[in-house]
Amino acid sequence: MTKTVCVVGLGYIGLTSAVMFSNYGMKVHGVDINPSVVRNINEKKLHIEEQGLQEMLDRAIDEGMFTASTTPQEADAFIISVPTPINPNKTANLDYVKEATKSIVPYVKKGNLVILESTVPPKTVENIMIPELMKTGFEIGTDIYVAHSPERVIPGKIFEELVNNDRIVGGINEKSAQLTKELYECFVQGEIHLTDATTAELVKVMENTYRDMNIAFANELSKIADNIGVNIWEAIQFANLHPRVNIHFPGPGVGGHCIAVDPWFLVEIGGDNAQIIHHSRHINDSMPAYTAQKTLSILDENNIVGGKVAVLGLAFKGNVNDIRESPSIAVIDYLQQLGLEVVSFDPHIKENNHVTQTQHLEEATRDADILLVLTDHNEFKTFDPHTITTNHKIVFDTKNCLNRKVWQNAGFQYYLLGDAKNR
Ligand code: SAJ
């Protein structure tokens, strides 16, 4: 029975997994190459925003069940949860996975289990991890066990989903899968499904690619709706009433280090067999420029030349403090290329992460010729437009998160991405 776990990589997924295990009876040692992340964690200071994480971290540290450092320690099980970004040429960058696997080799003992949680292209366990783990000198699959169990949780509901989501476990053999199942059973109440490592790797990438392609369909529809005087949000809601239809929603682009990244893994291995996957990426990556152009045409329509745009929302999605691959950054670049002045504000991003950013809403909206909502934070949904002073009362909502009537009653012209009906 596993008692000690060493988690390598203390980001969104690694830290929440580590804290979860240590709150369910496992003695956990967390590892991160970034010394300030480690220092902050040991001082119970968080670098990520997630409901319930602070309380669970405090309890785990107070009860002596969780420590963190920059080097691994011996353990019954090792969990690797490091980033898997893409290179500029859109190929998978598996360096962190390789380095993390290398880093645990001196600590792996006979009978140990090694699990990869990061989202990776199929065959990564086989082609990247196992060659490294063979340097332990142990027989893979008999002396030590290896599996892939991809995380499937969504920021904002991580702990709820860690417990309730079904979990896919892909072992390099049955014993590896079984041991991994037994480990996660300490907190997983969803069903745990066993398969092989390559299938588990593909399943996770398929899930995120399904979402990316569905969003691409919605974004294409929003462009079509614009030319035929339809409100695409209304149309999608009607279409989704059909028992077999579940269209996602358009927006200024797809961000984060998951949906905007993982489909490229399939494009890389699929080549010409990944046509719609590849095209969907291009459609979603076209939305920031489309949104910036729409903003300019709204200003033109109101005879405003040049002008100041108050960008509301830098995070890649609502109620998180994560700007990785955020569409907002790309939209701002395009707006500036169009000669517009930009000041941005995001209530979740406490330190200035962008040159245009201010921590004061008033500074962003003062003298603004248009308010551009790019992230559906709850704070924006409950804004009182009467309290906002601008140069022109124009708001462009790209996430359908504002109450049209409230803003119109406050004298604002309200524009909605994908809605050519209510102009
Ligand atoms: N988005 C849209 N339209 C939609 C839904 C999302 O434009 O209808 C945009 C969001 O604004 C954001 C991006 O897509 O920019 C991604 O948002 P997301 O809500 O899909 O969230 P992620 O990336 O945080 O989480 C996804 C989840 N995957 C799926 O739902 C299939 C989560 O379960 C995964 O664990 C996570 O990726 C991951 O880590 O892989």
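Numbers here simply count residues along the sequence, with the first being 1. These figures come from a predicted structure and were not determined experimentally. Atoms within each ligand, like the ligands themselves, are counted from 1 in listed order.
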Could you pull out all donor-acceptor pairs under 3.5 Å where a side-chain atom in residues 263-279 meets a protein atom, sequence neighbours excluded?
residue : atom : partner : partner atom : Å
Glu268  : OE1  : Ala92   : N            : 2.7
Gln275  : NE2  : Asp272  : O            : 3.0
His278  : NE2  : His282  : NE2          : 3.1

Got a sec: does the NZ of Lys157 have more than 12 other heavy atoms crowding it under 6.0 Å? no
Validation: residues 394-402 side-chain donor-acceptor distances under 3.5 Å, sequence neighbours left out:
residue : atom : partner : partner atom : Å
Asp397  : OD1  : Lys399  : N            : 3.0
Asp397  : OD1  : Asn400  : N            : 2.9
Asp397  : OD1  : Cys401  : N            : 3.3
Asp397  : OD2  : Cys401  : N            : 2.9
Asp397  : OD2  : Leu402  : N            : 2.9
Asp397  : OD2  : Tyr414  : OH           : 2.8
Thr398  : OG1  : Val373  : O            : 2.6

Thinking salt bridges, do Asp262 and Arg281 make one under a 4.0 Å N-O criterion? no
Ring pair (Phe, Tyr, Trp, His ring centres under 6.0 Å): which pairs involve residues 313-357, sequence neighbours left out? His348-His377
Between Arg59 and Glu55, is the closest basic N to carboxylate O distance under 4.0 Å? no
I need the contact residues for ligand 1: any residue with a non-hydrogen atom closer than 4.0 Å to the ligand, ordered by chain then number. Glu151, Arg152, Val153, Ile154, Pro155, Lys204, Glu207, Asn208, Arg211, Ile215, His248, Phe249, Gly253, Val254, Gly255, Cys258, Ile259, Phe316, Lys317, Lys399
